[in-house]
Student: 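Have a look at this one before I ask anything.
Throughout, protein chains are lettered first and strands after them, A, B, ... in sequence-line order, and every chain is numbered starting at 1.
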There are 2 protein chains.
Amino acid sequence: MKKRSTPAKKEVIKLLKSSESAMSQEMIEEKVKGKMDRVTIYRILNSFCEDGIIHRILSDEGKYYFALCMDCEPEEHTHDHFHFRCLTCQKVECLPEQVNVELPEGYKKKNATGWITGYCNNCN
Amino acid sequence: MKKRSTPAKKEVIKLLKSSESAMSQEMIEEKVKGKMDRVTIYRILNSFCEDGIIHRILSDEGKYYFALCMDCEPEEHTHDHFHFRCLTCQKVECLPEQVNVELPEGYKKKNATGWITGYCNNCN
DNA sequence: ATATTATTGCAATATAGTTGCATTAAAAGA
DNA sequence: TCTTTTAATGCAACTATATTGCAATAATAT
Ligand SMILES: [Mn+2]
Ligand SMILES: [Mn+2]
Ligand SMILES: [Zn+2]
Ligand SMILES: [Zn+2]
């Protein structure tokens, strides 16, 4: 029942901690090539999401990116800030600004995400 | 070279015109079941996108939705407004508000999308 | 009516992610 | 330290969504 600590998990969390930007499964796989199976990475990432250690965000190109939770309360996750994806270096960053939109009368908001694509300071 | 008008295309555009909300390929397929192949729908939708007749927007759950262009100039497409998806009835709507975010110094914006999920006025 | 070629249907392929199952190995307890 | 329990892993198979190849069909121009 209780989660266990394993070399694979340590490796993945180390990667995410050392990365200044959100990573996709693909990016992670590249970094740990040979050390663990594709599926294990997916499972570890999903497990961390369940534990509330990381966010899972679907990018504007349809891939999931993962990033450490920073300012999340254990009870209340907030990953409804904007994200930026660099079209050149593929870097994905969490932006400080929250997504907040006026909805039509009678609508109730559950979740919000926002993506900006473009070129980062290193790439233009 | 020049595009042709066909029954399948007429059917699909009629559907999109009569729909007050954006539709996924799946939703369209359900409506035209038996009249044309799955792949034909995909191709027609992509073709309309090329022609600048419709938008293609990737939802926060990783599926494409399609909607008629309303306020687009032929030269300049703008589909960088927020979209709303109802978690109950699956309806997808274009919201009036534009996505606009302050980027860090040196970043250049190319494109922007925003999604709100929740419950529409009919569903809560 | 005929010729040209865009469009279609069907099967195969691509991509991203999940699931089943037997095996391995954390970690709790004796 | 040894044993037991079961979470985690590797591998193959599968799912979901969308695209591509190719031969057959049909919309348009002549
Ligand atoms: Mn969080
Ligand atoms: Mn448009
Ligand atoms: Zn960059
Ligand atoms: Zn609804």
Side-chain angles (χ1 to χ4, degrees), chain A residues 1-16 22-67 83 85 87 90 92 113 115 117, chain B residues 1-16 22-67 83 85 87 90 92 113 115 117:
Chain A
M1 216 89 232
K2 192 148 159 294
K3 297 274 174 82
R4 292 174 186 175
S5 169
T6 66
K9 283 186 179 178
K10 283 177 194 157
E11 189 74 23
V12 170
I13 198 71
K14 192 177 74 184
L15 263 178
L16 287 168
M23 300 177 81
S24 63
Q25 186 276 343
E26 192 187 14
M27 289 166 166
I28 295 171
E29 184 171 358
E30 210 146 284
K31 296 271 187 179
V32 302
K33 186 133 34 206
K35 295 190 194 167
M36 71 193 78
D37 191 77
R38 242 169 50 74
V39 177
T40 299
I41 300 172
Y42 278 115
R43 281 200 270 230
I44 286 175
L45 290 170
N46 287 341
S47 167
F48 285 165
C49 284
E50 283 167 21
D51 300 345
I53 296 171
I54 62 175
H55 297 301
R56 185 171 111 138
I57 39 180
L58 186 69
S59 82
D60 67 308
E61 18 115 45
K63 258 196 251 193
Y64 286 109
Y65 282 77
F66 301 86
H83 294 88
R85 184 168 60 87
L87 296 168
Q90 300 307 320
V92 166
T113 59
W115 284 90
T117 58
Chain B
M1 216 87 232
K2 193 146 159 296
K3 298 276 174 83
R4 291 173 187 177
S5 169
T6 66
K9 284 186 181 179
K10 283 177 195 158
E11 189 74 23
V12 171
I13 197 71
K14 193 178 72 181
L15 263 179
L16 287 168
M23 299 176 83
S24 63
Q25 186 277 343
E26 193 187 14
M27 289 166 166
I28 293 170
E29 184 171 358
E30 209 146 287
K31 295 272 190 181
V32 302
K33 184 130 37 203
K35 295 190 191 166
M36 71 193 76
D37 191 79
R38 248 167 49 74
V39 177
T40 300
I41 300 172
Y42 278 114
R43 282 199 270 230
I44 286 175
L45 290 170
N46 287 340
S47 167
F48 286 165
C49 284
E50 285 166 20
D51 300 345
I53 296 171
I54 62 175
H55 298 302
R56 185 172 111 136
I57 40 179
L58 186 68
S59 82
D60 67 307
E61 19 115 47
K63 260 196 250 194
Y64 286 109
Y65 281 77
F66 301 86
H83 294 88
R85 183 168 59 87
L87 296 168
Q90 302 305 321
V92 166
T113 59
W115 283 91
T117 58

Student: Between B:Leu58 (CG) and D:dA16 (C1'), how many Å, whole number?
Tutor: 14 Å

Student: When the nearest nucleotide of DNA chain C is assigned to A:Gln25 and to A:Arg43 on a heavy-atom basis, which residue is associated with the more 5' position?
Tutor: A:Gln25

Student: If we only count heavy atoms from C-beta on, is the B:Val92 to B:Trp115 side-chain gap below 4.5 Å?
Tutor: yes

Student: Let me know the distance between CD of A:Glu11 and C1' of D:dA8, rounded to the nearest Å.
Tutor: 16 Å

Student: Take atom NZ of B:Lys3 and atom C1' of C:dT8, then tell me their distance rounded to the nearest Å.
Tutor: 15 Å

Student: List the steps, then state whether side chain to side chain contact (heavy atoms under 4.5 Å, CB included) holds for B:Met27 with B:Tyr65.
Tutor: CA-CA 9 Å; B:Met27 289 166 166; B:Tyr65 281 77; 3.9 Å; yes

Student: Whether B:Thr40 contacts C:dG9 is assessed here as follows: a side-chain N or O lying under 4.0 Å from the phosphate OP1 or OP2. Is that the case?
Tutor: yes

Student: When you match B:Arg4 and B:Val39 each to their closest nucleotide on DNA chain D, which lands nearer the 5' end?
Tutor: B:Val39

Student: Taking the minimum atom-to-atom distance to the side chain of B:Ser5, which one of C:dT19, D:dT28, C:dT8 wins?
Tutor: D:dT28

Student: Which nucleotide, C:dT18, C:dT7, C:dT8, lies nearest any side-chain atom of B:Ala8?
Tutor: C:dT8

Student: Rounded off to whole Å, could you give me the CZ-to-C1' distance for the A:Arg38 and C:dT19 pair?
Tutor: 12 Å

Student: First locate atom CD1 of B:Ile57, then atom CZ of B:Arg85, and finally report the distance between them rounded to the nearest 0.5 Å.
Tutor: 11.5 Å

Student: Just how far, in rounded Å, is C1' of C:dG17 from CG of A:Asn46?
Tutor: 9 Å

Student: Provide, to the nearest angstrom, the distance between the CG atom belonging to A:Asp37 and the C1' atom belonging to D:dA8.
Tutor: 12 Å

Student: Any side-chain heavy-atom pair from A:Glu11 and A:Ile44 closer than 4.5 angstrom?
Tutor: no

Student: How would you label the contact of A:Ser47 with the nucleic acid (heavy atoms, under 4.0 Å): base, sugar-phosphate, or nothing?
Tutor: nothing

Student: Calculate the interatomic distance between A:Glu50 atom CD and C:dT18 atom C1'; express it in whole Å.
Tutor: 13 Å

Student: Is there a side-chain contact between B:Leu45 and B:Ile54 (heavy atoms, below 4.5 Å)?
Tutor: yes

Student: Which whole-number value in Å describes the distance from A:Leu45 CG to D:dA8 C1'?
Tutor: 14 Å

Student: Taking only side-chain nitrogens and oxygens of B:Lys9, does any of them come within less than 4.0 Å of OP1 or OP2 of C:dT7?
Tutor: yes

Student: Please confirm whether the shortest side-chain N or O distance from B:Tyr42 to OP1 or OP2 of D:dA18 is below 4.0 Å.
Tutor: yes

Student: Would you kindly compare A:Ile44 and B:Arg56 by the position of their nearest DNA chain D nucleotide and give the one closer to the 5′ end?
Tutor: A:Ile44

